Amino acid sequence: SLYAEYQIIKDLRYRLNVGLEYELQEANQFQGSDTYFRPRAGNTARVSNAENWSYTLEHLLMYDKTLAEKHKIGVTALFSAQQSQFHNNFIQKDSINADFIQFYDLGQSKQSTTNLPIYGGSESKWGLLSYMIRVNYAFQDKYLITLTGRRDGSSRLGGKYTNYPAISLGWNISNENFMKSVAVISSLKLRVGWGQTSNQSVNTYSTLGGVSSLLNGNRPIRYNYGSQIVQGYFVSTAPNPDLDWEYTRTLNVGLDFGLLKDRITGSIDWYNAQTDKILYGLALPRSSGLTGSYTANIGEMENKGVEIQISSINLDLANGFRWETDLNVFWNRNKLLKLNDGFINNIGNGLHLGHPLSAIYDYTKLGVWQTNEADAAAKFGQVPGSLKIADLNGDGAITALDRSVIGNAQADWQGGLTNRFSYKGFDLSVIAYMRFGGLLTSGVHAPLAGYVTENNGRRNQIKVDYWTPENPTNQFPKPGTVYPAGNSWTTLAYYDASFVKIRSINFGYTFTQNILDKLKMRSLRLYFTAQNPFLLFS
């Protein structure tokens with residue numbers, strides 16, 4: 001990254017920011033004959049190469065002026081251009097003449113009509129043009145206003161441009177005359193902001209769609225077409241020329257404060273973000289003939305929440321001992337407000353009106369049928385020790401109609417706590433992170449087709465609390481159980497996502513200046529770090 005700045009006149013500056021990135025990748029692989037990866041099979045070799053480059057150019061004009069020592073005016077104008085290109089290619093061949101050749105000469109391969117090389121590659125390129133102007137005004141450092149206008153154009157969305165504004169207001173209350181007598185408050189600032197942003201995070205060429213070659217395993221399928229042999233292709237990604245930006249309008253109200261000569265500082269923020277034209281990858285029904293997702297603007301949602309941050313100097317003793325604490329707590333509520341197709345539930349894509357995008361739609365697990373419930377279990381074709389699922393529609397059978405939104409992955413609240421101690425060159429910090437509420441889906445406990453919790457002794461398994469007559473648990477059904485509705489075993493994967501863990505512990509010593517002088521060194525610090533050492537609760 002490079003920059004250059006030039007003072008045009010007294011209050012006017014020009015700045016150029018340049019960001020450049022260039023990356024080359026080479027990946028080679030050889031698998032020998034009759035090895036772990038290729039038992040009773042010949043060898044294979046593969047060579048692939050990739051190149052990626054990108055640049056960002058930003059031109060800025062900045063004007064700053066103070067009038068009558070009361071009025072501060074700042075104007076920033078920006079023009080930015082960003083572009084990125086990626087391409088790769090690969091080739092794979094089997095039956096290399098001798099293992100020692102490996103991947104260095106793919107021409108040394110026994111060829112036949114059934115042993116053809118596999119080759120391919122891809123290319124993508126995208127660009128973004130941006131224009132922005134921002135005006136700041138402050139009166140006596142008490143009253144602040146910022147106005148911003150921006151315009152972006154993205155090749156990912158077929159060259160579509162969008163405009164979005166923003167405004168923010170600030171009031172330094174602590175600079176008012178009536179606050180001078182309030183000694184306990186050292187700083188106090190009220191902030192209000194509203195603005196619109198946009199998102200273009202979709203795959204390159206999503207507006208155009210794409211095709212892929214037909215494969216039989218890893219080998220292309222070819223067809224007799226008249227007197228020719230041709231390659232087969234299919235539509236893998238549907239085009240969407242109407243794809244548009246995703247827009248989010250956010251209102252934020254914040255309060256910054258400092259107490260007791262800034263021994264305690266912090267901020268409280270409340271926000272409400274309304275998102276329109278949500279960008280989402282939709283899975284289409286198999287009858288469409290498309291296996292890939294279809295990117296579209298699907299509807300509207302909102303995110304609202306609170307963020308609280310407090311820092312304090314708890315002890316600052318004359319002997320050099322100091323103890324500081326940072327605490328942050330935040331929570332967010334996400335809700336899907338509207339689907340453009342008019343549906344209330346799009347089960348296949350996990351979209352449910354009035355619920356978070358992380359909503360979990362599944363059967364309701366009540367536990368495990370116990371020995372004294374044999375008659376009730378028999379009505380559903382189950383026996384004691386089988387999984388008990390709620391019959392929500394009351395039809396006396398467990399079917400797909402008994403599914404509902406049973407929860408979501410959204411946390412009730414999250415936060416972090418950092419304590420820092422220092423004394424005569426020694427320093428210690430302990431960072432904790434916590435999360436309460438929400439559901440997680442355990443990929444370990446999700447018994448795909450009964451693979452994990454079938455408990456038939458035919459494979460290694462995780463330890464689970466499964467039902468037996470002597471252990472009448474409601475956690476997991478008995479070994480070899482037959483699940484209601486065939487796939488209701490998914491309910492065994494949901495767990496409370498709450499936890500408290502120590503994220504890191506850092507202990508160090510910074511050597512004193514007299515030792516550094518003897519060692520002819522400028523600085524020296526010895527430290528120990530433990531990353532994610534343990535959980536306090538999960």
Side-chain angles (χ1 to χ4, degrees), residues 1-5 14-29 46-62 76-91 119-134 148-164 166 195-213 233 235-248 250 275-282 290-298:
S1 58
L2 308 168
Y3 78 91
E5 193 168 292
Y14 165 75
R15 181 184 176 104
L16 172 67
N17 295 326
V18 180
L20 303 172
E21 183 175 339
Y22 184 74
E23 181 179 18
L24 283 174
Q25 295 181 359
E26 179 181 348
N28 307 312
Q29 185 184 75
R46 178 185 175 103
V47 173
S48 61
N49 298 281
E51 180 189 60
N52 183 46
W53 60 261
S54 63
Y55 70 82
T56 301
L57 296 177
E58 292 180 342
H59 302 273
L60 296 103
L61 279 176
M62 295 169 285
T76 301
L78 166 101
F79 168 70
S80 173
Q82 185 177 357
Q83 190 171 351
S84 179
Q85 182 173 13
F86 168 85
H87 81 268
N88 74 324
N89 52 71
F90 71 89
I91 182 171
Y119 45 82
S122 65
E123 184 269 347
S124 65
K125 186 176 184 179
W126 62 270
L128 181 71
L129 287 179
S130 303
Y131 308 84
M132 185 275 294
I133 186 166
R134 181 176 62 231
T148 305
R150 187 179 176 103
R151 178 176 174 82
D152 284 342
S154 172
S155 68
R156 291 175 183 261
L157 299 171
K160 289 187 176 70
Y161 278 84
T162 185
N163 304 312
Y164 40 97
Q196 177 173 287
T197 59
S198 60
N199 174 25
Q200 48 114 28
S201 296
V202 297
N203 291 332
T204 311
Y205 313 128
S206 292
T207 59
L208 303 178
V211 297
S212 298
S213 58
Y233 292 89
V235 178
S236 56
T237 307
N240 185 0
D242 298 324
L243 198 61
D244 200 356
W245 294 80
E246 176 184 282
Y247 301 95
T248 299
T250 303
T275 300
D276 185 24
K277 296 186 177 181
I278 304 169
L279 289 171
Y280 199 85
L282 295 173
L290 294 170
T291 57
S293 62
Y294 173 72
T295 304
N297 302 101
I298 64 168

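Only a predicted model underlies this, so the values are computations on that prediction, with no experimental measurement involved. Basis for what follows: all heavy atoms, side chains included, without hydrogens, waters or symmetry-related copies.
- Within 6.0 Å of CG in Asn163 there are more than 12 heavy atoms belonging to other residues, nucleotides or ligands.
- The side-chain heavy atoms of Thr56 and Asn17, taken from C-beta on, include no pair separated by under 4.5 Å.
- In summary, the side chains of Gln25 and Glu23 do present a donor paired with an acceptor at a separation below 3.5 Å, with no hydrogens or angles considered.
- A 4.5 Å side-chain heavy-atom check between Ser54 and Phe86 finds every atom pair outside the cut-off.
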>> Before you tell me yes or no, could you show the steps for Lys125 and Thr204 under side chain to side chain contact (heavy atoms under 4.5 Å, CB included), namely the whole-Å CA-CA distance, both residues' side-chain angles and the distance that decides it to 0.1 Å?
In response: CA-CA 7 Å; Lys125 186 176 184 179; Thr204 311; 5.9 Å; no
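- By the 4.5 Å heavy-atom criterion applied to side chains, Leu208 and Thr237 are not counted as neighbours.
- Applying the side-chain contact (heavy atoms from CB on, under 4.5 Å) test to Ser130 and every residue at least two apart in sequence or in another chain returns Ser80, Leu128, Arg150, Asp152.
- Of all heavy-atom pairs spanning Gln196 and Tyr247, the tightest one is NE2-CD2, 3.6 Å.
- We find the CG-OG distance between Asp244 and Ser154 to be 10.5 Å, quoted to the nearest 0.5 Å.
- In Tyr14, the OH atom is crowded: over 12 heavy atoms of neighbouring residues, nucleotides or ligands sit closer than 6.0 Å.
- When all heavy atoms of Ser155 and Trp126 are compared, the pair lying nearest together is OG-CA, 3.2 Å.
- Counting all heavy atoms, side chain and backbone alike, Glu26 lies closest to Asn49 at CG-OD1, 3.5 Å.
- In this structure the side chain of Thr248 never reaches within 4.5 angstrom of the side chain of Asn199, judged on heavy atoms.
- Side chain of Arg156 to backbone of Val202: a donor-acceptor contact under 3.5 angstrom is found.
- Between Leu129 atom CG and Gln82 atom CD the span is 10.0 Å, to the nearest 0.5 Å.
- Paired with Thr295 under the rule side chain to side chain contact (heavy atoms under 4.5 Å, CB included), one option of Leu282, Asn240, Leu243 passes, and it is Leu243.
- Here the closest non-hydrogen pair linking Ser124 and Tyr205 is CA-OH, 3.4 Å.
- A distance of 9.5 Å separates OH of Tyr161 from CH2 of Trp245, quoted to the nearest 0.5 Å.
- Considering every non-hydrogen atom in both Glu246 and Leu279, the closest pair reads OE1-N, 2.7 Å.
- Nearest heavy-atom pair, Ser236 versus Ser212, reported as atom, atom and distance to 0.1 Å: OG-OG, 3.0 Å.
- Contact annotation: the side chain of Glu58 approaches that of Leu78 to within less than 4.5 Å [non-hydrogen atoms, C-beta and beyond].
- Listed by chain and residue number, nothing satisfies the salt bridge (Lys or Arg N to Asp or Glu O under 4.0 Å) test with Lys160 (two or more places apart in sequence, or in another chain).
- Checking side-chain atoms of Ser48 against main-chain N and O of Ala27 turns up a donor-acceptor pair under 3.5 Å.
- Using a 3.5 Å distance cut-off with no hydrogens or angles, the side chains of Glu123 and Gln85 do pair a donor with an acceptor.
- Note that CZ of Arg15 and CD of Glu5 are 5.5 Å apart. Values are rounded to the nearest 0.5 Å.
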